[in-house]
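Before any comments, here is the structure.
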Amino acid sequence: MEKERIALLIQKLEDSAGAAEFPIVTQLAETRRDPFLILISTVLSLRTKDEVTATATERLFSLASTPETMLELSEEEIRQAIYPVGFYRNKSRQIREICRDLIERFSSRVPDSLEDLLSLKGVGQKTANLVLSLGFEKDAICVDTHVHRISNRLGLVSTKTPEQTESALQNVLPRRYWSRYNTLLVSFGQRVCRPLSPLCSSCPLC
DNA sequence: AAAACGGGGGC
DNA sequence: GCCCCAGTTTT
């Protein structure tokens, strides 16, 4: 019964997502299927709105789209490309360190294991899971603020922190939905179920 | 002025 | 668990 409810929920989310626009970062992810782009844009997204993140990602990747070429950019060049994302001074340094690390330790490829991803500078649980999910289509759930908020609003879980949500979802949500869950919820969270002034009147779930 | 934005790290 | 980090926009 709970399974059927979840299946119906996912179906409704998929229907509404197909009829509308995905968030820009997710669009980039869908079109490019490039783990490196996913990784960098996720790093940029920390404390930053989606549209700003997308603009910064596009500007940066128009200058360089591989670890090698990106490492050739100076911190100043990266700073200018990604402004005004939050923490842009730290991030320009961090991005160069990640590029250097990818080149030296992973032959210029983004690793596809949780452990290796976590070993990169400034990459934590959520960033790593998002790269696995969006970049490699693996069974991972990135419980960011959107996923946390909406999972509770939908009544799938009843939790206080994103960490609690992550473990709770692993028990509730069938594994076959994991890789789609992020895309669907983040899309839904930005289009409709927004943190402030949610568009409840046009909610596809009601 | 405060809250918000797809956190991470150190302790 | 708590606290710090630190840039900008929105309310």
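Because the structure is a prediction, the values reported are computed rather than measured. Sequence lines set the chain letters: A, B, ... in the order given, protein chains first and strands last, and positions in each chain run from 1.
- One atom, NE2 of A/His146, and another, P of B/dG7, lie 8 Å apart when rounded to the nearest Å.
- Closest to the side chain of A/Phe87, from the set C/dA6, B/dC5, C/dT8, is C/dA6.
- When distances run from any side-chain atom of A/Asn90 to the nucleotides C/dG7, B/dG7, C/dA6, the shortest one goes to C/dA6.
- Within a 6.0 Å sphere centred on CZ of A/Arg109, other residues, nucleotides and ligands contribute 12 heavy atoms or fewer.
- Following rounding to the nearest Å, A/Tyr88 (OH) and B/dG7 (P) show an atom-to-atom distance of 20 Å.
- Look at CG on A/Leu44: it is 15 Å from P on C/dG7, rounded to the nearest Å.
- Regarding A/Asp50, its CG atom lies at a distance of 15 Å from the C1' atom of C/dT8, rounded to whole Å.
- The side chain of A/Arg149 approaches B/dC5 more closely than any other nucleotide in the set B/dC5, C/dG7, B/dG8.
- Atom CD of A/Gln94 is separated from atom P of B/dG8 by 9 Å (rounded to the nearest Å).
- Comparing the P positions of B/dC11 and C/dA6 gives an interatomic distance of 16 Å, to the nearest angstrom.
- Side-chain N/O atoms of A/Ser74 and A/Arg79 include no donor and acceptor closer than 3.5 Å.
- Within the 4.0 Å cut-off from OP1 or OP2 of C/dG7, not a single side-chain nitrogen or oxygen of A/Tyr83 is found.
- At whole-Å resolution of the value, CD in A/Glu97 and C1' in B/dG9 are 14 Å apart.
- Nearest-nucleotide mapping onto DNA chain B: of A/Thr48 and A/Gly122, the residue sitting toward the 5' end is A/Thr48.
- Spacing between atom CG of A/Leu117 and atom P of B/dG8 amounts to 12 Å, rounded to whole angstrom units.
- Other residues, nucleotides and ligands contribute at most 12 non-hydrogen atoms within 6.0 Å of the CD atom of A/Glu115.
- In the model, A/Thr48 has no side-chain atom that pairs as donor or acceptor with a side-chain atom of A/Ser45 under 3.5 Å.
- Considering only the side chain of A/Leu46, B/dG7 comes nearest among B/dG7, C/dT10, C/dA6.
- Within 4.0 Å (heavy atoms only), A/Val123 reaches sugar-phosphate atoms of the nucleic acid but no base atom.
- The CZ atom of A/Arg47 sits 16 Å away from the P atom of C/dT10 (whole-angstrom rounding).
- Here A/Arg89 reaches the OP1 or OP2 of C/dG7: one of its side-chain N or O atoms lies under 4.0 Å away.
- Residue A/Asp15 holds its CG atom at 11.5 Å from CD1 of A/Ile10, rounded to the nearest 0.5 Å.
- If you check B/dG7, B/dC5, C/dA6 against the side chain of A/Lys49, the one that comes closest is B/dC5.
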